[in-house]
Amino acid sequence: MNELERELAKMNSGHAPGVQDPTSPYPSVKNLPLLGVKWADLYRNTKIRETVVELLTHSNMKWPESRS
């Protein structure tokens with residue numbers, strides 16, 4: 001039981017936001033909301049870029065160059 005309490009204390013020990021505990025490969029529980037927001041921003045930007053590329057690719061396929 002003491003081991004579980006120590007592990008929980010390690011998970012909940014908050015450092016300044018964005019500072020990773022060098023002994024742990026996992027982020028602290030307090031940093032998870034910040035990571036979620038960052039992930040959502042990156043995901044949204046990726047989807048926007050994918051959509052732009054898809055639209056540009058399809059627009060090139062639909063409108064052949066005019067012959068002069």
Side-chain angles (χ1 to χ4, degrees):
M1 190 66 173
N2 288 337
E3 180 65 27
L4 290 175
E5 289 174 352
R6 279 195 297 271
E7 289 298 318
L8 182 62
K10 275 203 288 189
M11 287 174 58
N12 287 327
S13 67
H15 297 287
V19 176
Q20 176 72 24
D21 179 11
T23 61
S24 174
Y26 306 107
S28 71
V29 172
K30 289 184 179 181
N31 288 336
L32 290 179
L34 297 174
L35 292 174
V37 169
K38 185 171 184 169
W39 180 86
D41 288 342
L42 292 171
Y43 182 78
R44 183 182 64 244
N45 288 337
T46 301
K47 292 309 264 180
I48 290 171
R49 289 179 179 159
E50 286 176 353
T51 303
V52 168
V53 168
E54 184 178 332
L55 290 172
L56 290 174
T57 302
H58 284 12
S59 69
N60 285 338
M61 292 173 63
K62 290 181 183 176
W63 296 333
E65 294 180 19
S66 62
R67 296 180 190 181
S68 304

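None of these values were measured; they are calculated from a predicted model.
Residues satisfying the salt bridge (Lys or Arg N to Asp or Glu O under 4.0 Å) test with E50, not counting sequence neighbours, are K47. By the salt bridge (Lys or Arg N to Asp or Glu O under 4.0 Å) test, R49 pairs with no residue at all, sequence neighbours left out.
Apart from L32 itself, the hydrophobic cluster it occupies contains L35, where clustering links Ile, Leu, Val, Met, Phe, Trp and Tyr at side-chain heavy-atom distances under 4.5 Å.
Salt bridge status for D41 with R44: present, with a side-chain N to carboxylate O gap under 4.0 Å.
In this structure, OH in Y43 is found 11.5 Å from CD1 in I48, a value given to the nearest 0.5 Å.
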